[in-house]
Each structure stands twice: as C-alpha cells, then as structure tokens.
Amino acid sequence: MPKYNPQKIEKKWQKYWEAKKLYITKDVVGKKENRMLLTEFAYPSGNLHIGHWYAFSLPDIKARYLRMQGYNVFYPTGFDAFGLPAENAAIKHNIHPETWTRQNIAYMTRQLKSMGTMFDWSRKVSTIDPDYYQWTQWMFVEFYNAGLAYRAVTKVNWCPKDKTVLANEQVVNGKCDRCSSEVLQKDLAQWMFKITDFKDELIDDLTRLDWQETAKLGQINWIGRSEGAKIKFMLEIISGKPSKYFVEVFTTRPDTIFGATFIVISPELAKTWIKNGWKASEEVRGYIAKSLAKRELERQEAKEKTGVDTGVFAVNPASNEKISVWVADYVLGQYGTGAIMAVPTHDQRDREFAEKFHLPISDAPLKDKAQIMALLKNKGAGQDYKTYRLHDWILSRQRYWGVPIPMINCPVCGYMPVAKKELPVKLPPLKDFKPTDDGASPLAKATKWLQVKCPKCAGSAQRETDTMDTFVDSSWYFMRYADPNNTKEFAAKAKMKKWLPVFSYLGGAEHTTMHLLYSRFFIKALHKLGHVDFNEPFLNRRNRGIILGPDNQKMSKSRGNVIDPDGEVKKYGADAVRMYLAFMGPYLHGGSWNPGGITGVYRFLNRVWNFVGLYNSKVKPRAAVLGILNDYIKSIGTHISDLDFNTGVSDLMKLLNELESEQISKKEYETFLKLLAPFAPHIAEELWQNVLKNKTSIHLQAWPMHDSKLIVKEKVFLIVQINGKVRDKIEMAGGISQKQVEEIVLHTPKIKPWLEGKQIKKIIFIPNKLINIVV
RNA sequence: GCCGAGGUGGCGAAAUUGGCAACCGCACUAGCCUUAGGAGCUAGCGCUCGCAAGAGUUUGUGGGUUCGAGUCCCACCCUCGGCACCA
C-alpha cells in the first residue's frame, strides 16, 4: 500500500465522476423523491476563499447523504455575474467587465471543481448570459404591465463614490454597504418594484415556513409593521379661531392620549403645509430649510433635540385641551403620518424635547385602549392604522455592468416596455463604461444602441439607460435550474413542479433582508400573475455561521489572517479541508480556522488509509462491535441531517478508534467507508474501488441500514450516587432489577462507609443507568 | 433603547435533552522509535490538596425548584448579531 497521496487520488476521482456523469441530475429517477438542495450561487470575484468552501463543500455532505438515503438529489450551482464590484475591478485593472467576469468564471469553475462536490455543472446558470437575462427582462415587463414596476421621483440614496443609486437595503448606518462612503439623499426619478403590495403576506406567510427564527425575525423587523392608530387633531391657525384644518398623528399608544401635551410635525410635513398656503413665520421657514438641508446621518446623529414653535394650536380630541404644535426634525417625514402627539411621560424623546423647551408634562392616567379608540372613532377623530418601515425597492442603477431595463421613452407617448418578442435587450459593448457624477447612466453614451423607433407613434425614441440592481438577477435564478435551456419561457411549469419550491436552502445570514426578501417578493408577484404555482420560494432555510481567521477575527487582507484554500488543498487535500471545516463546529455556528487543527483530520485520514489491512473476510466480529457500528449508523445520519457535521466527524473518529483494536470482516469495513463517504468522498471512493475492488461508485450505494432491534447491552456501568454525588460506578449485567442492584450496592466496600450510622430515606433507581441513595 | 443568539478547560468544542461535565480533536508534558523531524507510537492532561489511594471543587454571577441542574424558573452581568430619534 503506497502512502496516502490526496493530490493524486482526488484529481483521479474527480475526472472519473465527471466521465461517468455521476452528478448529472435527471428530473425523474424511478420512484425516488426529488430534493433540490440549494446554496447561494457564487459571485465571480476572481478567487475562492475559505467562505466558499464552507458554503459549498459542507452542504455537499448533506447532499451526498440524502442521495445515499434514496432521494434523487439535485445540487445546482451557477454564477451571479453582473454587478458593481466586477465593474469597479474592471476599471481598476483597465479591462472590460465582461472580459474580467468571464475570466473569473473560468478560473473559479476550475477551483470549484477541485472541491469534489456533487454539483451538476450541466445545469449551470449564469446571470450575464442573454439566454438568462432575457427572462429577467421579461419579468420586469410582466411586473410593469401589472403595475408592480413603476417609475417615480423619490428621495433616493446616492453613493458618491460608486456614482449610483442604492436600495434602502444596501445602506448600512447611512453608508454604502459596498464601499462605505457616506450616502447622500437626492430626489431622482427611479424605477421601482412595488414590494410594499405584499408587505402583509411577506410577514404573515413566514409562519408556515421552516426557517430559522432569527431569519424570520430579521424580515419581520425589516418590514417593520407597527399597529396603532391615526388620530385627528383639529387646528387653530390663529389663536382662538377654530378652522377646517387638522393634523393627523400616528401612534401605537392611543391609550396615552390624555398625556399628550403638544404636537410635533416633521419639517417635511411643515413644508407641504407652506406649499398649501400656510403663512409660517420666518423662524419656522428658516428651521425647515436648515433641517431639510441636513444630511441623513447628521439628522440621525444629532445629540440634542432642536425645533421651533409654529404658533399653531391643536385641540386634543380626547381631553379638548388646547396644545401647541411644534416642528422638529426628530420626527421623520417618511414614517407614519409625519406627525406625532408628544407624550413626555411615556416617551423618552418627547420628554427630552419637553424639558428643553419647557413644555408641559402631564401625568394623566392611562385609559383603556379599546375604550379610547371607541371614543375617538365616535368623534370621527380616530381610526385603526398600521404603518410600515418597508419602502418600495428601487431597482435602477446608473451603472454599466447590469441588465438593461427593457423600456423605451418616447417624447410623445411616454414610457413603454420593449415588446416581449424583442427581448433580450442586449447590453451594448461599450469602451467607455465608467459611471458619471450627474446620475446619467453610462449607457447614454451608446448613441447607436440608444435610438429606437417608438412602437406607437413611429417617432424617434430612446431606450432606458439605467440597468438593474444585481439582486433582481438573483431573485429568480433557482427556478432556472429546473429548466436551464428553455428558450420559450423562464422554466416550464411541469419542470418546476419537479424541483420547486426549493426543499432546502443553506446560505449566509447577510441575505436575510435582501436576497431572501426580494426572492419572496418575486415569487409572490409571479404567483399573482399566474406564472408559478407556489407562492413561497424556499420551504426550509438555514443560515450558516462564518469562518474566522486564526485570531478569531474576520478574515481580511488588511489583518493578514486570510487562509488560502488552494494552499491548504495542496498540503492536505480537499477531503481534509472539507472535513476540517466540518469538524470546527456546528454548521449554523461557524468557527475559526486554526492552522494546527487541520492536521488532526489529516492524521485521521492517514489512519483511515492505513486501516485497510485490518479487515479480514474470514473473521466473525464480536456482537458488541456490530452493536457499536449499528449505533454509529444512526448517530452519524442524524448529525448530518441536523447539519451538526462536527459531531459527525467526531463520531467517525471514535468509530475508527474502536475498530482499530477489533477484528472485523469485509462487510463492516464497507459500512465504515459508506459512513465516511459524504465527508471525504475521494478517499472513500479510492478505498471502495481499489482496495475492495467494487465496480460501481461508493456514492451510488445506499446508506447502511440501522437495525433498531439490534441492542447489544450485555453489560452496563451503573452510576452509584449518595445524595446525588457520584461515589462509585459498578459494571453489571444489563436489565437487572432494583432489588438486585440494591443487594449489590449496599454491600460494596466503597459505598458502605458513606452509609454508616445513617438512615436511608429514599432510593431513586433508573434501570441500566443510576441508583441514588438519599440519607 | 428594542429584538434575537450566546457565555462550559490553554484553544475548537461535546453532553443520549433533567441522570458520570469536559466525548472527539488541537496545543502542551513525559517516554519510545528515528541519522533527522513540523513524521509515527505509548502515557498523562479542568482546577486545588496529595508520592499515591483519594478528597474537595468547577459550566458568566446570585438565588430558586428537584433525590439529582450546563440543561428548568427568577434576577443580574458580559459578548456577538439585527433594528433604531420608527412615535
């Protein structure tokens, strides 16, 4: 037997599996149930990092296990290849984004194949292929026609460095989530998806999904449904004179209304009042102008509250008290009604404001919520109302490397979608694709491409020059896997029925409020339009943990703690890298890479390699050995199912430790290799075919049968406690009765002294486990 | 501030879900083997006392329930993640 040489055998078997088409997925395989196991497809950044290995090679353990369990498993992959980082990198390296991206895809495909996963490359999907993105465009047109995509001027987040608009979801603490520049607010006309149409379904349907609670809560928080009431306060513009005007406030606590001692409106609302003819004082106008000029971050970070008295009075509809109305920018224009009733006794912010401006603070008692609402409704001053944090999804980007938005703008007829038969609108090759400062898309420079005839009036019109946010591309990619080469539709319904909705989706927690939310919106919209038969994309979702560097910090070049997977594969092989990642901790928890740690699994694989000679066909193993093996079949399977790969590896190590000192026959050796196969597919295949001389792949074998009746408990260790403290462990035959145990225990020399001179009050006995004597 | 997850040896972690805390590894120590070792083998390894047998003690802190608590209940402290002048 030569030495264990992972580099040699891994390449060999990867070629063999490809040649034998082992991982080509068929839609129907006998009576087997189909299972799609989905992981988020890769962004072609140029190089695989440890995170990719964690994302792809560990779910592969489960994919292989499910296959051995008798399912028809589909483990797909592809590339999410449009996007801003590709474009920025291309600008930096002075090459075209398409060249850069295609090079990366080629290189990363080779790297991905070195993992030895059971990805079905024949169904690969890439979002930059016109065959793919014509359907992204088709969906946009569908949504547009249904009023689910529209163009409007709104306040948008503008990244001055990336020179494009960002979705709310892409702004983190007022900064661009890609480049960390401070985001500016601009009023621009943008294309939007009406995700808010589904805001309630997006919350309520979560209850029937098998998702991690944290992921569900993340979405619920993001949508931010807040249930309360709108309450009308009549206004007196000039002190003492009633008028027809009113202000409406939003509150989740109508029961505190008797404690409302003033009203605060946002500068945004005040501005619309002025627009509608309100004669505000110079001081008020000045304050509004100053507040609206503030950057969002400034407004958020303000330490002290600011505001001015409007001179307007409002009447509290519950108490009939006259209270003053203030403008202050701690009240937000875009949330609720843009106005609040201030209750200093119940709200910290209102209290701060009241104290600073010496406004009254009332400790009027709380009232019953239902009673108050009945009163207010009766007066015509109140109604139940829900408000949401979620905004519509701004999808247009003023950048080159994305899917062109398939719209035409005619100066006479206005905007209209490109006819479906004209799709795809291909992205024109452009030499100068750099973004501009003025918010114009680089595609505006594609002068020839730009000009079209208006389909309605035949006059000259222009194409839309904005491209789509990459998250549009990835909102439906998993459906394309079901039918990747279809030229008539994005996927045939019959094919989708085989694989969708996705049975199990494993991915990163960072996608909770973006990709996962967007995909759910897409499916709900497509379902509403009759294009898919299901209305949730992912039945089961788990977020994996993250892998940190040896210093327990996030891996980053600047910290110098990056582990290069290619280097590790060269040293220890893909099986060892996979298995070490699996061994580090529970999959949902993640772990940190310890350079010494991988040597542990590498040693284990070497021991597996050298274990070969120990089996002997003529030998009859002890019953106890069969029992142990039987236990591990069950426990390793359960651990893989639960994504507790770490304890699975641990079990394999324990099992080998036990078997190394035993006599086993070929059958037991085969079982051991099958249990190993999902974790270390290459070495298992090598031993299976070259040592055991099997002719078909180990990955086509069935998972060993667990025999629940095979309980081999010839002997048990019984724990002996006195007052709950362990004082002895006694080996005895299994199934022995309490009387017999007492007989033995009460006379053991170790126990006797503990009982001397004491009265036995109670004896707790748990068969085969424990006896506790209370004195 | 609100919501969520977590806190166990020098390190990664395990604990049949209320029944031997620390499995499996890493690191470390001693010995063997070796021309050599960043290879392999054997033994030890939570902490304290002890040559040892053994005893005491230990799962963030304090309390409670129980024959018995890492696990259940109450209060608090800390770390990480999400949301946040969201009314």
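A note on names: the letters A, B, ... follow the listed sequences, proteins ahead of strands, and every chain is numbered from 1.
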(request) Treat a base pair as Watson-Crick or G-U wobble with both distances under 3.5 Å, then lay out RNA chain B in dot-bracket form, 5' to 3', with | for cross-strand pairs. (result) (((((((..(((......[....))).(((((.......))))).((((....))))..(((((..]....))))))))))))....
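Of the candidate nucleotides B:A13, B:A87, B:G12, B:A87 has the atom lying nearest to any side-chain atom of A:Phe250. Of the listed nucleotides (B:A87, B:C83, B:C3), B:C83 has the atom at the smallest distance from the side chain of A:Trp222. Proximity note for A:Asn221 (side chain, C-beta onward) versus B:G82, B:A87, B:A13: the nearest is B:G82. When distances are taken from the side chain of A:Lys725 to each of B:A14, B:U57, B:A87, the shortest belongs to B:U57. In this structure, of B:C85, B:A55, B:A87, it is B:A55 that holds the atom nearest to the side chain of A:Arg727. For A:Val331, counting side-chain heavy atoms from C-beta on, the closest listed nucleotide (B:C3, B:A14, B:A87) is B:A87. Among the nucleotides B:A87, B:C85, B:C83, the one closest to any side-chain atom of A:Asp329 is B:C85.
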(request) Starting at the 5' end of nucleotides 17-28 of chain B, put B wherever the base has a protein heavy atom under 4.0 Å, S where only the sugar-phosphate does, and a dash everywhere else. (result) --BB--BBSSS-
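When the P atom is compared between B:G10 and B:G46, the two are found 11 Å apart, to the nearest whole Å. Atom name C1', nucleotides B:U35 and B:C45: the rounded distance is 32 Å, in whole Å. Taking atom C1' in both B:A75 and B:C24, the straight-line distance is 37 Å, to the nearest Å. For the C1' atom pair drawn from B:G62 and B:C78, the interatomic distance equals 15 Å after rounding to whole Å. Comparing B:G63 with B:U57, their P atoms sit 15 Å apart, to the nearest whole Å. Across B:G60 and B:U71, the matching C1' atoms stand 16 Å from one another, rounded to whole Å. For the C1' atoms, the distance from B:U58 to B:C49 is 15 Å, rounded to whole Å. For the P atom pair drawn from B:A30 and B:A39, the interatomic distance equals 16 Å after rounding to whole Å.
Between the NZ atom of A:Lys305 and the P atom of B:C85 there is a distance of 10 Å, rounded to whole Å. Rounding to whole angstrom units, CD of residue A:Gln759 and C1' of B:C67 are separated by 16 Å. Atoms CD1 (A:Ile628) and C1' (B:U16) sit 16 Å apart, rounded to a whole Å. Between the CG atom of A:Leu217 and the P atom of B:C3 there is a distance of 11 Å, rounded to whole Å. The separation between A:Leu516 atom CG and B:G82 atom P is 15 Å, rounded to whole Å. Summarising the geometry, the separation between CD on A:Glu510 and C1' on B:C83 is reported as 17 Å, rounded to the nearest angstrom. The CG atom of A:Asp347 sits 13 Å away from the C1' atom of B:C2 (whole-angstrom rounding). For the pair A:Ile722 CD1 and B:A55 C1', the interatomic distance rounds to 16 Å; values are reported in whole Å.
Seen from the ring of A:Tyr587, A:Arg544 does not count as a face-on cation partner, given the 6.0 Å and 45° thresholds. With A:Trp211 as the aromatic partner, A:Arg520 meets the cation-pi criteria of under 6.0 angstrom to the ring centre and within 45 degrees of the ring axis. Geometric assessment of A:Arg578 against the ring of A:Trp53 yields a negative cation-pi assignment under the 6.0 Å and 45° thresholds.
You won't find any donor-acceptor pair under 3.5 Å spanning the side chain of A:Lys761 and the base of B:C67, going by distance alone.
Classified by its glycosidic torsion, B:G9 falls in the syn category, the angle being within 90° of 0. With its glycosidic angle more than 90° from 0, B:U57 adopts the anti conformation.
Salt bridge present: A:Glu40 and A:Arg541 bring a charged side-chain N and a carboxylate O closer than 4.0 Å. Under the 4.0 Å criterion applied to side-chain N and carboxylate O atoms, A:Arg351 and A:Glu355 are assigned as salt-bridge partners. A salt bridge links A:Arg225 and A:Asp204; the closest N-O separation between the charged side-chain nitrogens and carboxylate oxygens is under 4.0 Å. Of the charged side-chain nitrogens involved, at least one lies within less than 4.0 Å of a carboxylate oxygen, so that A:Asp210 and A:Arg542 count as a salt-bridged pair.
Under the 6.0 Å cut-off for aromatic ring centres, A:Trp393 and A:Phe471 do not qualify, their centroids lying 6.0 Å or more apart. Aromatic rings from A:Phe262 and A:Phe357 are positioned such that their centres are separated by 6.0 Å or more.
Counted within 6.0 Å of NZ on A:Lys356, heavy atoms from surrounding residues, nucleotides or ligands total more than 12; the atom is thus considered enclosed. The number of heavy atoms from other shown groups lying within 6.0 Å of NZ (A:Lys369) is above 12.
Where A:Asp644 and A:Leu332 meet RNA chain B, the nucleotide closest to each residue was compared, and A:Asp644 sits on the side nearer the 5' end. If A:Tyr335 and A:His589 are placed on RNA chain B by their nearest nucleotide, the residue sitting closer to the 5' end is A:His589.
Applying the salt bridge (charged side-chain N to carboxylate O under 4.0 Å, His left out) test to pairs two or more places apart or on separate chains, those with a residue in residues 592-611 of chain A are A:Arg607-A:Glu660.
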